[in-house]
Amino acid sequence: MPVRKQTGKHHPAAVYAKQVVSGKLRPFCGKYEILACQRFLDDLKRQGTKDFPWVFDATRADRVIAWFRRCIQVRGPYAGQPVDLQPWQVFDQSNIYGWVHKDTGVRRFTRTYNKRARGNVKSTEVSCKCLYHMCADAIYPPYQPELAQFEMEPEVECAAVDRGQAKRVYDDAKKIAKASPGIAKPGYKIRLTVKETRVFHKTRGGFMRALSKDTDNKDSGAPSYFEVDEYHAHKTSEIYDLGLNSFGKRRQPLLDVITTAGDDAEHKPCKTEEDYCKRILEDPAVQREETRYFVMIREIDEEDNPHEKSCWAKANPVIRYPGEYGDTLLEQIETEYTTAYGSGDAEKIRKFLTRRLCRWQSGSVNRYLAEPQLAAVKEAMIPVDEFAALTDGLACHCGFDLGKRVDLSGVAAVFDLPDGRIAIKMHGFVPENGAARHEHTDRVPYLAWAKDGYCTLTPGDVTDNSYVHNWICEGEQAHNWQVDEVDYDGHNATDLAIQMCEERSNDDFCVEIRQTCAGLNGATKGFRDLLMEQKIVLEYNPLAYWCCCNAIEVINNFGDIKLSKKHKDDSQRIDPLAAAMNALARVLVKRSAEPSLADVIASGNWTM
């Protein structure tokens, strides 16, 4: 019997959308969930038109909803029971799987971004979808399920930042497959062969596996479903790009991102992607271009007060509905709230905001410069010509910090101005042949910065350290700097320091700075204090500002601090700022030192 076509206007997904946009659920939903629901309702009105060739096929939506009911839960208070999706989950999955091309039935959405707070059944949902793509995903013209063609040789990737997180989804999927007699053909002949590292379909072939940065062979051949779990934890977009760049070999592949918020918003690819997703929902022009990207962002709104418990449901849709699990989750959220704010522990508060309310946090817990101080950095920067007019002809200390020969190196000049302020000029050096690669890994425009004079590209594959010395010499020649000494981090720098001393015939021209908390404490704390006292002047340089954003502080048992990167090999570089600290350390020591007898006599400020 032919299936009756529907408009979708009375489907449970549409009912939910109407309740969110203008009904009883609106007070419990955030801005972007409301926009996502409005997008769905608007699309229903224009479906199947020349400009919008997609239609909502209720049979395709109901197909995946029915699949969840075949899956048996393996953890939590409902373990042993079939998965029963809540209305908000029905809306999400109906969107992703229900929209298809009006002629071919090819699924509309090839990418998703789904954000919600911790504890809102992300892992269980994704595990069931992995099994769906292994066993039941199909394509057919709208409302003609009798013509269904199953995905042959499905390839399902459970991707995460590390092996442990990837295996969590993968292992749950294995357990659900074993526990669910509904994932079987009549007669309970299980369709899947479940192994330790892979799951295979007995008749259609293909596989499901866990994938992370730790996987030896990360090449993804032709994924039909590529799930990226907890994208906020990824430092780079490597895994995401691997999935996206593997598309083009299937008719309806799906890249499915599910995440909460995280720390260090400025540097996380997840936050960059989320900002774009918000534009899709906010900007009609972008939305018209991105018709195949499903976005659902559940978070507290920017103006919401996290102390108001009434807003918590915006990021935690589970607690909108009464039930044992929702009540347990709400109790846990209340406990974490009381612990975090009761203790005043900044780290606990940040975790509560990111994990439970889905509010991104800037920087890391031990960030060197907080938002007000970074704002002060911007205010302290002046144009290049103004900086030159302020410092030409003055005495200074120069400093350098040499990174790996294939990475960024930094140099700086520090001036103790007559009016008590400190003026700092910073510069970077990057090997020319690696600049494009570093633009991808570091996610900053080295080539454009070099064109504008904020850094220098040295010829070849490695940084030519002679350019550091040349930069200092150019300052002496072009700006008449009176360089008292050069202060440096001894790592990878001894040869350059010896060369500079020999050329000046002055063994004391270069001074190695101990790279310890005690050795750099004065400069590290001093820079921050002087910055907030508006006694720092910086030559405008976006590379220098980027380094200021990247720096974290390391503290010893005595409360002394120094700068560091978050990880030894990461892409959040600080080398020009570190060079400035080397020079500033000596400048501040000289500033605070008692004058020698010879200095007093030379000054003439003495009497018998």
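Since we're looking at a predicted model, the values are computed, not measured. All values below come from the heavy atoms of this structure, side chains included, with hydrogens, waters and symmetry mates left out.
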Ion pair [X]/[Y], N-O distance below 4.0 Å:
| X | Y | value |
| --- | --- | --- |
| R69 | D84 | no |
| D304 | R359 | no |
| D57 | K102 | no |
| R250 | E151 | yes |
| K268 | E274 | no |
| D51 | R46 | no |
| D263 | K271 | no |

Scan side-chain atoms only and decide if [X] and [Y] contain a donor-acceptor pair under the 3.5 Å cut-off.
| X | Y | answer |
| --- | --- | --- |
| N114 | D256 | no |
| Y78 | E324 | no |
| E336 | Q332 | yes |
| Y293 | T110 | no |

> Which atom pair, heavy atoms only, marks the closest approach of G105 to R60?
Replying inline: O-NH1, 2.9 Å
> Which atom pair, heavy atoms only, marks the closest approach of V194 to K178?
Replying inline: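 So the two residues come closest at CG1-CE, 3.6 Å.
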> Are R39 and I280 close enough, and set up right, to give a side-chain contact (heavy atoms from CB on, under 4.5 Å), and what steps lead you there?
Replying inline: CA-CA 10 Å; R39 181 191 189 189; I280 293 175; 4.1 Å; yes
>> Go through it in stages, so that I can follow the logic: the residues are C270 and Y240, the test is side-chain contact (heavy atoms from CB on, under 4.5 Å), and I'd like the CA-CA distance, side-chain angles, deciding distance and then a yes or no.
In response: CA-CA 9 Å; C270 180; Y240 183 97; over 6 Å; no
Considering residues, nucleotides and ligands other than [X], do more than 12 of their heavy atoms fall under 6.0 Å from its [atom1]?
| X | atom1 | value |
| --- | --- | --- |
| E303 | CD | yes |
| H307 | NE2 | yes |
| E153 | CD | yes |
| D162 | CG | yes |
| Q81 | CD | yes |

> For the atom pair SG (C29) and CD (Q19), what is the distance rounded to the nearest 0.5 Å?
Replying inline: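 These two atoms lie 9.5 Å from each other.
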> Taking atom OH of Y446 and atom CH2 of W546, what is their separation to the nearest 0.5 Å?
Replying inline: 3.5 Å
Should the pair [X] and [Y] be classed as cation-pi, given the thresholds of under 6.0 Å to the six-membered ring centre and 45° from the axis?
| X | Y | answer |
| --- | --- | --- |
| R111 | F247 | no |
| R198 | F207 | yes |
| R320 | F28 | no |
| R209 | Y170 | no |

> Should the pair Y16 and F91 be assigned to parallel (<30°), tilted (30 to 60°) or perpendicular (>60°) ring geometry?
Replying inline: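 Y16 vs F91 ring planes: tilted.
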> Hey, mind stepping through D171 and K175 against salt bridge (charged side-chain N to carboxylate O under 4.0 Å, His left out) and telling me if it holds?
Replying inline: CA-CA 6 Å; D171 288 345; K175 292 174 184 176; over 6 Å; no
>> Does R108 form a side-chain contact (heavy atoms from CB on, under 4.5 Å) with F52? I'd like the steps, not just the answer.
In response: CA-CA 11 Å; R108 169 188 174 185; F52 190 75; 3.5 Å; yes
>> Please evaluate residues I176 and I72 with respect to the criterion side-chain contact (heavy atoms from CB on, under 4.5 Å), reporting the C-alpha separation (whole Å), side-chain torsions for both, the decisive distance (0.1 Å), and the verdict.
In response: CA-CA 6 Å; I176 292 171; I72 301 300; 5.6 Å; no
> Is a side-chain donor or acceptor of S224 paired with a backbone partner of E155 at a separation under 3.5 angstrom?
Replying inline: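 Side chain of S224 to backbone of E155, a donor-acceptor pair under 3.5 Å: yes, one is there.
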>> Given 3.5 Å as the limit, does a donor-acceptor pair link the side chain of K115 with the main chain of C358, or not?
In response: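 At least one qualifying donor-acceptor pair exists.
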> Please walk me through it: do E230 and K122 pass salt bridge (charged side-chain N to carboxylate O under 4.0 Å, His left out)?
Replying inline: CA-CA 9 Å; E230 301 295 6; K122 294 194 298 292; 3.7 Å; yes
>> I need the single residue from R116, K31, K278, R356 that forms a salt bridge (Lys or Arg N to Asp or Glu O under 4.0 Å) with E299. Which is it?
In response: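 Of all the options given, the one that passes is K278.
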With ring centroids as reference points, do [X] and [Y] lie under 6.0 angstrom apart?
| X | Y | value |
| --- | --- | --- |
| W99 | F294 | no |
| Y113 | Y231 | no |
| Y132 | F68 | no |

> Which is it for Y225 and D137 under the side-chain hydrogen bond (donor to acceptor under 3.5 Å, both in side chains) test, yes or no, and what are the steps along the way?
Replying inline: CA-CA 10 Å; Y225 181 63; D137 192 30; over 6 Å; no
